[in-house]
Colleague: 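Below is the structure I would like to discuss, written out as structure tokens.
All heavy atoms count here, side chains included; hydrogens, waters and symmetry mates do not.
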Amino acid sequence: MTSNAQTLRTAAERGLIDQYASAKGALPGGDAVAGIRAEAFKGFEARGLPNRRVEEWRYTDLRREIREALPLAEAADPQQARRALASVKDFGEAAGYRVVFVNGLFCADLSELDGLEGVTIASLGAALAEGRPDGLGDLAAKVADPAIGLNTAFMRDGALIRVADGATVDKAIELLHIATGPAAASYMRHVVHVGEGARVRFLDAYEGYESNGYQTNVAVELYAADGADIGWVKLQEEAHDALHISSFLTQLGEKVTFNQFTFTSGARMSRGQAFVTCAGENSTVGLRGTTLINGDQHADITLVVDHAVPNCDSREYFKAVIDDRAKGVFQGRINVHPHAQKTDGQMMTQSLLLSDEAEMAYKPELEIFADDVQCAHGATSGQIDEDLLFYLRARGIPEAEARTMLVLAFLAEAIEEIGEDDVVANLEERARAWLAR
């Protein structure tokens, strides 16, 4: 007697399978993109939603957290979109140009791109109507990740950005994402090509003000040509009951400088994952960030840096402040491939626990297959230094204010690494507002 093994699926997994079956014919891109959608969803069907049994997701159990497949987000009416935009706080003076997405869809009438030279920005959804854009799905296909697979299967819109060779963009470009209306799921894909010797800064903001349990799944594929200088600051301040998953995939050419900073304080559950490949020699990577969470929030930062060639440097530096019953996660892995000699990879994470129930999980990894390298990692966690607190209180500073000063000083060490005064001031103000709450 024989029996066929059957996969037990959750209600959410069954819902996503049914949703894809009914929606795939209407998703943009037609036959040109149908193949990569189908291949990505096949991977999701085989693995399902990631859970604790999947090593890369052992601390963030999406199978438990996602109970139903939310409908795909619909376009907001113009008045609703404008009200949503007026209700959130963007990067203000730090941003010179703005690209707005509401419910995961590009809003040209709310975007501000006047005067932008050396850069073309178009709706990915519109580009998909004409075929498969260059680079779409190439980096995503290299990572066997269920969240990325879902994004590839369901992606509908995003930004297609090209920065010309040698261009120096005078002001930062803000990608502002807002959710409004009934609870729904948004799947966005941004494809960014930065030309040789170009210099550009991006401010990538996700803000929510309506509490309806919406879900965001966004992926960025960034291609950096030789000599490019790229700064990318991500702000995640989703609504307190939202779910946020972002995947950043980038391939660097020779002599590239790439710096990314992530500020995380929103969403009930969030995971920000980055996969960076140094494919050209003499490139420098900086991945830094801060996490501020409280209540029952869960925030996961997962990084993978692949040193595939010699003579590249990478730095990972993250700080977390955790209060109440919140839980933070940091997973970092540095892979040094054979022949990637003269690699210098360093990783440091530090957390400040403001309550006895706060948790922080660390999982740093080094995988080294070359012998002439410098690689190291470190992790610390603790509470506010009582001696420093006593020092400030002895000088007449109230206890609450003294605690705020110490926490801000702890965070400032990471935030000031951004090196741009307007952005630093904006994020430090957000940190103060979080502490005041």
Side-chain angles (χ1 to χ4, degrees), residues 55-59 139 142-145 194 220-234 246-264 271-291 300-320 328-351 360-381 413-419:
E55 182 62 27
E56 294 84 359
W57 288 79
R58 63 180 299 184
Y59 299 109
L139 296 181
K142 297 178 181 179
V143 182
D145 180 84
V194 180
V220 179
E221 293 180 288
L222 171 65
Y223 299 86
D226 297 349
D229 184 343
I230 305 166
W232 194 287
V233 176
K234 179 194 169 188
S246 66
S247 306
F248 196 96
L249 308 107
T250 184
Q251 179 175 289
L252 309 180
E254 293 184 0
K255 298 181 180 178
V256 172
T257 300
F258 173 66
N259 287 296
Q260 183 185 54
F261 187 93
T262 302
F263 184 99
T264 300
R271 177 175 167 111
Q273 51 185 14
F275 304 88
V276 180
T277 300
C278 296
E281 294 190 36
N282 299 302
S283 289
T284 300
V285 178
L287 303 177
R288 303 176 177 88
T290 58
T291 296
D300 180 337
I301 298 293
T302 294
L303 312 173
V304 179
V305 179
D306 279 320
H307 287 268
V309 296
N311 300 304
C312 291
D313 297 344
S314 64
R315 296 290 183 272
E316 300 174 27
Y317 184 39
F318 278 77
K319 294 201 170 198
V329 177
F330 178 88
Q331 300 183 106
R333 187 165 83 239
I334 297 174
N335 297 326
V336 182
H337 292 237
H339 312 300
Q341 307 294 351
K342 305 297 183 183
T343 290
D344 186 351
Q346 309 292 326
M347 183 194 316
M348 171 58 74
T349 58
Q350 298 173 313
S351 62
M360 186 71 195
Y362 292 119
K363 188 188 174 190
E365 298 176 275
L366 302 176
E367 194 170 86
I368 302 170
F369 294 98
D371 51 15
D372 188 6
V373 302
Q374 296 185 58
C375 294
H377 63 72
T380 65
S381 62
E413 291 179 352
I415 295 175
E416 290 176 0
E417 290 281 341
I418 297 171

Colleague: Applying side-chain contact (heavy atoms from CB on, under 4.5 Å) to Thr250 and Trp232, what does each step give before you reach the verdict?
Modeller: CA-CA 12 Å; Thr250 184; Trp232 194 287; over 6 Å; no

Colleague: Side chains of Phe330 and Ser351: does their closest heavy-atom pair fall under 4.5 Å?
Modeller: no

Colleague: Show, in sequence, the C-alpha distance, side-chain angles and deciding distance for Arg288 and Ile418, and conclude whether the side-chain contact (heavy atoms from CB on, under 4.5 Å) test is met.
Modeller: CA-CA 9 Å; Arg288 303 176 177 88; Ile418 297 171; over 6 Å; no

Colleague: Please answer whether the main-chain N or O of Val256 pairs with a side-chain N or O of Ser283 as donor and acceptor at a distance below 3.5 Å.
Modeller: yes

Colleague: Please report the interatomic distance OG1(Thr264) to CD1(Ile301), rounded to the nearest 0.5 Å.
Modeller: 4.0 Å

Colleague: Side chains of Ile334 and Glu316, heavy atoms from C-beta outward: is any pair under 4.5 Å?
Modeller: yes

Colleague: When rounded to the nearest 0.5 angstrom, what is the spacing between OG1 in Thr277 and CG in Leu252?
Modeller: 7.5 Å

Colleague: Between Val309 and Cys312, what is the shortest heavy-atom contact and its length?
Modeller: CG2-SG, 4.0 Å

Colleague: List the residues meeting side chain to side chain contact (heavy atoms under 4.5 Å, CB included) with Val304, not counting sequence neighbours, and say none if there are none.
Modeller: Phe275, Asp306, Arg333, Asn335

Colleague: Please state whether the rings of Phe258 and Phe248 are parallel, tilted or perpendicular, taking 30° and 60° as the class boundaries.
Modeller: parallel

Colleague: Excluding sequence neighbours, so at least two apart, what forms side chain to side chain contact (heavy atoms under 4.5 Å, CB included) with Ala414?
Modeller: Phe261, Thr290, Tyr317, Lys319

Colleague: For the residue pair Ala320 and Met360, what are the closest heavy atoms and their distance?
Modeller: CB-SD, 4.2 Å

Colleague: Provide the closest heavy-atom pair for Ile415 versus Phe263 in the form atom of the first, atom of the second, distance.
Modeller: CD1-CE1, 4.5 Å

Colleague: Not counting sequence neighbours, which residues clear side chain to side chain contact (heavy atoms under 4.5 Å, CB included) with Gln346? List them please.
Modeller: Arg315, Asp344, Gln374, Ala376

Colleague: Tell me which donor-acceptor pairs under 3.5 Å the side chains of residues 363-372 have, and how far apart each pair is, sequence neighbours excluded?
Modeller:
residue : atom : partner : partner atom : Å
Lys363  : NZ   : Glu55   : OE2          : 2.6
Asp371  : OD1  : Gln341  : NE2          : 3.4
Asp372  : OD2  : Lys342  : NZ           : 2.7

Colleague: Can you tell if the side chain of His377 reaches within under 4.5 Å of the side chain of Thr349, non-hydrogen atoms only?
Modeller: no

Colleague: Which residues pass the side chain to side chain contact (heavy atoms under 4.5 Å, CB included) test with Thr302, not counting sequence neighbours?
Modeller: Arg271, Gln273, Asp300, Gln331

Colleague: What side-chain hydrogen bond (donor to acceptor under 3.5 Å, both in side chains) pairs are there with at least one residue in residues 220-231, not counting sequence neighbours?
Modeller: Arg189-Glu221, Arg201-Asp229

Colleague: Roughly how far, to the nearest 0.5 Å, is the OG1 atom of Thr284 from the CG atom of Asp313?
Modeller: 5.0 Å

